[in-house]
Amino acid sequence: MATTETISDINIRPLQLEDVDVIAAIENSAYFAPWPRAAFTASIGIYPAFVMEKNAQIIGYAIFSAVKDEAHILNLVIKPILQGQGFGKLLLKFVLEILVQNHVKRISLEVAQNNEAAMRLYQSLGFLQEGMRKEYYQTPHGRIDALILVYKPSYTSAH
Ligand SMILES: CC(C)(COP(=O)(O)OP(=O)(O)OC[C@H]1O[C@@H](n2cnc3c(N)ncnc32)[C@H](O)[C@@H]1OP(=O)(O)O)[C@@H](O)C(=O)NCCC(=O)NCCS
């Protein structure tokens with residue numbers, strides 16, 4: 001599934017082992033309960049993963065699993081100071097396009113029910129709610145539910 005895309009000063013390329021320190025720092029700045037550094041190291045070579053660079057600096061990443069015609073988005077992050085500028089949507093569209101090209105028919109993910117930015121992003125690209133996982137995420141105020149969202153290329157488009 002490895003590929004790259006370059007748009008102006010933005011480049012998307014496969015995640016490499018030497019990116020892990022930068023990725024882990026972004027992860028720690030983006031989440032209350034971040035993935036540990038070891039989770040990124042362990043995921044390389046197992047899960048398809050991409051970093052987004054702006055002017056050759058990593059500003060975000062996406063990690064997903066894909067088995068036969070199903071995929072699950074495991075992590076999608078844009079560096080906090082650059083959120084809200086369209087980079088998350090660009091990265092997610094890139095991932096969806098790769099999965100669609102590889103004939104994936106169902107792409108799922110979990111999102112915290114109070115994560116307005118992520119909900120807006122996923123809904124704007126055609127994800128629909130398919131279920132809920134009770135008390136799935138830890139927050140500073142206790143555990144909250146996750147919504148299960150699903151994207152099916154057959155009923156929508158990534159554009
Ligand atoms: C979720 C995330 C990846 C989105 O990336 P982003 O670059 O900030 O989002 P974009 O600028 O591409 O915006 C995508 C959509 O969300 C909307 N949006 C962005 N920030 C928002 C906010 N704070 N509140 C509400 N909507 C927001 C945008 O208006 C846009 O919607 P539109 O296309 O209908 O106009 C990013 O905010 C992030 O890394 N968050 C922390 C990690 C996380 O929660 N990841 C998702 C796990 S499920």
Side-chain angles (χ1 to χ4, degrees), residues 5-15 19-40 42-43 47-66 70-100 104 106-153 155-159:
E5 177 165 319
T6 303
I7 302 171
S8 182
D9 56 346
I10 297 295
N11 180 48
I12 300 173
R13 61 162 175 81
L15 173 69
D19 301 323
V20 168
D21 285 341
V22 177
I23 297 299
I26 295 174
E27 175 85 3
N28 285 332
S29 67
Y31 286 118
F32 175 72
W35 281 19
R37 186 185 185 287
F40 291 103
S43 71
Y47 298 121
F50 292 90
V51 294
M52 172 178 264
E53 296 176 315
K54 185 174 194 307
N55 298 322
Q57 301 294 313
I58 294 174
I59 66 162
Y61 48 93
I63 302 174
F64 54 95
S65 64
E70 292 212 16
H72 191 79
I73 295 177
L74 299 167
N75 206 344
L76 175 77
V77 176
I78 296 296
K79 196 172 181 174
I81 57 166
L82 293 172
Q83 290 175 6
Q85 297 179 39
F87 296 122
K89 194 165 192 172
L90 193 60
L91 182 55
L92 182 57
K93 284 172 77 170
F94 174 85
V95 168
L96 295 181
E97 282 170 12
I98 287 176
L99 292 172
V100 170
V104 169
R106 183 178 188 278
I107 302 160
S108 59
L109 56 83
E110 286 97 15
V111 57
Q113 61 169 15
N114 66 348
N115 190 340
E116 285 180 32
M119 284 296 295
R120 179 71 185 254
L121 168 63
Y122 298 133
Q123 286 170 345
S124 75
L125 289 179
F127 282 79
L128 298 177
Q129 185 180 341
E130 200 173 77
M132 179 185 285
R133 297 194 200 284
K134 296 295 283 183
E135 301 184 347
Y136 190 74
Y137 287 111
Q138 185 69 51
T139 79
H141 314 293
R143 300 196 76 85
I144 60 165
D145 300 340
L147 304 180
I148 301 168
L149 303 186
V150 172
Y151 174 92
K152 291 181 181 171
Y155 63 53
T156 188
S157 157
H159 301 282

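Every number for a ligand or one of its atoms is a count from 1 in the order of the listing.
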Considering all heavy atoms of both residues, which atom of Phe87 and which atom of Ile59 are nearest to each other, and what is their separation?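 Here Phe87 and Ile59 meet closest at CG-CD1, 3.8 Å.
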
When you look for protein heavy atoms under 4.0 Å from ligand 1, which residues do they belong to? Tyr31, Leu76, Val77, Ile78, Gln83, Gly84, Gln85, Gly86, Phe87, Gly88, Lys89, Glu110, Val111, Asn115, Ala117, Ala118, Arg120, Leu121, Tyr122, Ser124

Less than 4.5 Å apart, side chain to side chain, heavy atoms only: is that true for Asp19 and Arg13?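 Touching, per the 4.5 Å side-chain cut-off.
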
Hey, does the side chain of Tyr137 reach the backbone of Ala33 with a donor-acceptor pair shorter than 3.5 angstrom? no

For Glu135 and Arg143, indicate whether the former's side chain and the latter's backbone hold a donor-acceptor pair under 3.5 Å.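 No: the side chain of Glu135 does not pair with the backbone of Arg143.
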
So among Glu130, Met132, Glu110, which one has a side chain to side chain contact (heavy atoms under 4.5 Å, CB included) with Leu147?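 The option that passes is Met132.
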
Trace of the side chain to side chain donor-acceptor pair (under 3.5 Å) decision for Tyr47 with Asn75: CA-CA 11 Å; Tyr47 298 121; Asn75 206 344; over 6 Å; no

